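On a predicted model such as this, the values are computed, not experimentally measured, just so you know. Throughout, numbering of the chain's residues begins at 1 and tracks the sequence.
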Amino acid sequence: MKHIFQKGTDITAPVLVLFHGTGGTERDLLPLAQAISPTSSVLSVRGNVLENGMPRFFRRLAEGIFDEEDLIFRTKELYDFLDQAAVEHGFDRQNLVAIGYSNGANIAGSLLFHYQDALRGAILHHPMVPLRGIQLPDLSGIPVFIGAGRNDPICSPQETEELQKLLSEAGSTVAVHWEQAGHQLTRSEVEAAGTWFKTNLA
């Protein structure tokens with residue numbers, strides 16, 4: 001998968017794995033990584049799917065309706081890529097924290113839904129429930145931050161609350177940060193994620 005790896009100054013700090021939103025690239029969230037954990041190594045990945053020329057991490061059938069078969073396939077592809085990237089770049093595979101926005105948050109959420117050992121933690125900005133009706137792995141000890149908008153037209157507050165419930169029932173400690181905004185990523189949401197990261201994962 002097309003990606004950027006930047007070696008951090010603290011090799012014991014969590015490696016931040018970045019997943020952009022629809023139409024983004026592997027450069028989009030680099031400022032977020034710098035804001036949240038400036039000493040961390042960073043692995044920023046570009047989605048392998050194109051929708052009208054816009055990179056995504058998996059296909060969708062319509063707005064808010066995921067191609068579940070493709071989602072499962074792409075989640076496995078990404079999980080395998082993280083294994084390979086750890087060997088290639090020499091980082092600790094067990095010390096990965098995802099930062100995802102929108103479509104990127106959904107693929108990060110799907111990693112949590114499918115693999116017990118995929119991530120040490122996750123910061124999900126405006127995620128949806130990636131897949132319903134499946135048994136989640138044991139997520140005990142894996143903290144998750146969810147950034148959500150009260151007026152988000154794509155991801156309703158009910159969707160956020162459902163995702164929080166599913167992750168919590170699987171053992172994750174979930175913190176939800178609410179903004180009065182829509183689907184956009186605000187500075188205050190990023191600052192809240194940074195504060196949460198320092199408390200839970202640094």
Can you check whether [Y]'s main-chain N or O pairs, donor with acceptor, with [X]'s side chain at less than 3.5 Å?
| X | Y | result |
| --- | --- | --- |
| N95 | A13 | yes |
| E159 | V129 | yes |
| H20 | G47 | yes |
| S156 | D152 | no |
| S102 | G21 | no |
| D138 | G171 | no |
| S40 | L16 | no |
| R120 | L201 | yes |
| S168 | Q164 | yes |
| T195 | E191 | yes |

Could you check if a side-chain atom of [X] sits within less than 4.5 angstrom of a side-chain atom of [Y], using non-hydrogen atoms only?
| X | Y | result |
| --- | --- | --- |
| L139 | V144 | no |
| I36 | I123 | yes |
| F113 | T75 | no |
| K7 | V42 | no |
| C155 | T160 | yes |
| V45 | L43 | yes |
| V190 | L185 | yes |
| F5 | S41 | yes |

| query | Are Y101 and F19 close enough that their ring centres sit under 6.0 Å apart? | reply |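 No - the distance between ring centres of Y101 and F19 does not fall below the 6.0 Å cut-off.
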| message | For F58 together with F73, are the ring centres under 6.0 Å from each other? | response |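 Not close enough - the centres of the two rings lie 6.0 Å or further apart.
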Please determine, by modelled atom types, if [X] and [Y] share a side-chain donor-acceptor pair under 3.5 angstrom.
| X | Y | answer |
| --- | --- | --- |
| H126 | Q184 | no |
| E179 | S188 | yes |
| H89 | H3 | yes |
| R46 | T25 | no |

| query | Between P130 and L71, what is the shortest heavy-atom contact and its length? | reply |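 Smallest interatomic distance, heavy atoms only, reads O-CD2, 3.1 Å.
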| Of all heavy-atom pairs between P14 and F197, which one has the smallest distance, and what is that distance? |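 Minimum heavy-atom separation between P14 and F197: CG-CZ, 3.9 Å.
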Under a 4.0 Å N-O cut-off, is there an ion pair linking [X] with [Y]?
| X | Y | answer |
| --- | --- | --- |
| E69 | R59 | no |
| E88 | R93 | no |
| R74 | E77 | yes |
| E161 | K165 | no |

| said: Classify the ring geometry of W196 against F145: parallel below 30°, tilted from 30° to 60°, perpendicular beyond 60°. | reply: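 Taking F145 first and then W196, their aromatic rings sit tilted (interplane angle of 30° to 60°).
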| query | Measuring from I154:CD1 to H183:NE2, what's the distance to the nearest 0.5 Å? | reply |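 Atom-to-atom, I154:CD1 and H183:NE2 are 4.0 Å apart.
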